[in-house]
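As structure tokens, the structure follows; a few thoughts come after it.
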Amino acid sequence: MMDHEDKFFRESFLKETNEAVDHKEHVWHNIQQELFPKKKKSLWTGRIAMGFGTVAAAIIIVIISTSILTTERAGEEGKSEQHEQLEQPEQPEKPEQPSDDTKIPLEDQYEKEIQMEREPEGQLEIVDMELAVHEADRYIIYVDKDRFEYKMDEDESFIQFTEAEGDMYPEVGITIRRYDDAEEQDLVERVNEEIADEDMVIEEEENMSDPFDAYAITAYANESPHEWNSPVYRYYIYEADEEEHVYFVFKQMLFMEGMGGQSSLMDLMLETFEYVGE
């Protein structure tokens, strides 16, 4: 059993020990404060940091949004182009056009054969026509393929009747001659001289619109003009190009008996005449 002195000594020792411990902790705390002081951030610095952070976040959001929109638009455009490619039908290849230096032949620009109608003596007739071309004089004409044939000479071309029998009939057909830089009156005088040389007499002169607009001259034989085989000539002076003064003179050669039927058939062929030009 502890006596009174020992108890007093023990309590004094414990008290002094606790005070020493408290004093040690206080001293160590002061040392830490001196060696490692805590830095306080200013309010301005905090606001700047917060501002930079907000701006950076906003920039990141804008970049991400722009990237998303760009990707979406690119995807939509790609889909749209793909859709258009699927919807558009394949276009046929266009034929190669000839160059300016290459001229297409006239015979390749028109139908080789056509059919036309006429009514001799009130009865309908279908006439089979075939294409005739004069490349140098730049014209085309369709010719009755069953009763006529087309021929070319140096100075003129000729549509000749092919059903004549022997020498009992006069010549039947059409001559075609081109004149450049010509005047109508000069050609009228030329025709009149030719009629006189053929021992023919002018019966009629007139402006006509059928088979085309032309000045027409009709001449009969000087002797026995009303015989069945008496020759009849009809001239058409036709202006093909007004600016270039290009004329064509057509000479129909008929005879009295065949005046009606042969004349209408020849006019039908002349209706198809076309000057193409250079």
Flag side-chain contact, heavy atom, 4.5 Å: [X] against [Y]:
X: Leu254; Y: Met266; result: yes
X: Glu117; Y: Ile126; result: yes
X: Val246; Y: Arg138; result: no
X: Val172; Y: Met253; result: no
X: Met116; Y: Thr272; result: yes
X: Met129; Y: Met269; result: yes
X: Glu227; Y: Glu257; result: no
X: Ile174; Y: Phe148; result: no

Work out which heavy atom in [X] is nearest to a heavy atom in [Y]; give both atom names and the distance.
X: Tyr247; Y: Ile237; answer: CD2-CG2, 4.0 Å
X: Val249; Y: Tyr235; answer: CG1-CD2, 4.2 Å
X: Val201; Y: Ile195; answer: N-CG2, 4.1 Å
X: Met200; Y: Ala219; answer: CE-O, 3.5 Å
X: Pro211; Y: Asp267; answer: CB-O, 3.5 Å
X: Asp146; Y: Asp144; answer: N-OD1, 3.1 Å

Linking I/L/V/M/F/W/Y whenever any side-chain heavy atoms sit under 4.5 Å apart, do [X] and [Y] land together?
X: Phe248; Y: Leu131; result: yes
X: Ile217; Y: Ile176; result: no
X: Ile140; Y: Phe158; result: no
X: Ile202; Y: Met208; result: no
X: Tyr179; Y: Tyr236; result: no

Is it true that a side-chain atom of [X] and a backbone atom of [Y] form a donor plus acceptor pair closer than 3.5 Å?
X: Ser230; Y: Ser224; result: yes
X: Glu135; Y: Leu106; result: yes
X: Lys145; Y: Val127; result: no
X: Asp153; Y: Asp155; result: no
X: Thr162; Y: Arg147; result: yes

Notebook entry, point to check: Between Phe212 and Phe250, does the ring centroid distance fall short of 6.0 Å?
Noted result: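 That pair passes the under 6.0 Å test.
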Notebook entry, point to check: Can you name the side chain to side chain donor-acceptor pair (under 3.5 Å) partners of Glu183, sequence neighbours left out?
Noted result: none
Next item on the list: Applying side chain to side chain donor-acceptor pair (under 3.5 Å), name anything that partners Asp180, two or more places apart in sequence or on another chain.
Entry: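 Result, side chain to side chain donor-acceptor pair (under 3.5 Å) vs Asp180: Arg178.
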Checklist line | Salt-bridge criterion met for Glu125 and Arg118 (N-O under 4.0 Å) | finding: yes
Checklist line | Electrostatic pair Lys251-Glu156, nearest N-O below 4.0 angstrom | finding: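 The answer is no: the pair does not qualify as a salt bridge.
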Next item on the list: Evaluate side-chain contact (heavy atoms from CB on, under 4.5 Å) for Asp128 paired with Glu113, printing each intermediate quantity in order.
Entry: CA-CA 7 Å; Asp128 294 321; Glu113 294 186 1; 5.9 Å; no
Margin query: Show every side-chain hydrogen bond (donor to acceptor under 3.5 Å, both in side chains) that has at least one partner inside residues 206-217, sequence neighbours left out.
Written below: Glu205-Tyr215
Margin query: Take a 6.0 Å sphere around CZ of Arg177 and say whether it holds more than 12 heavy atoms from other residues, nucleotides or ligands.
Written below: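 Result for CZ/Arg177: enclosed.
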Notebook entry, point to check: Do Glu194 and Tyr233 have side-chain N/O donor and acceptor atoms under 3.5 Å apart?
Noted result: no
Once rounded to the nearest 0.5 Å, what's the spacing between atom [atom1] of [X] and atom [atom2] of [Y]?
X: Thr218; Y: Met259; atom1: OG1; atom2: CE; value: 6.0 Å
X: Asn229; Y: Met256; atom1: CG; atom2: CE; value: 10.0 Å
X: Tyr150; Y: His134; atom1: OH; atom2: NE2; value: 5.0 Å

Check: When the ring planes of Phe273 and Tyr238 are compared, do they come out parallel, tilted or perpendicular, using 30° and 60° as the limits?
Finding: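 Answer is perpendicular, since the angle exceeds 60°.
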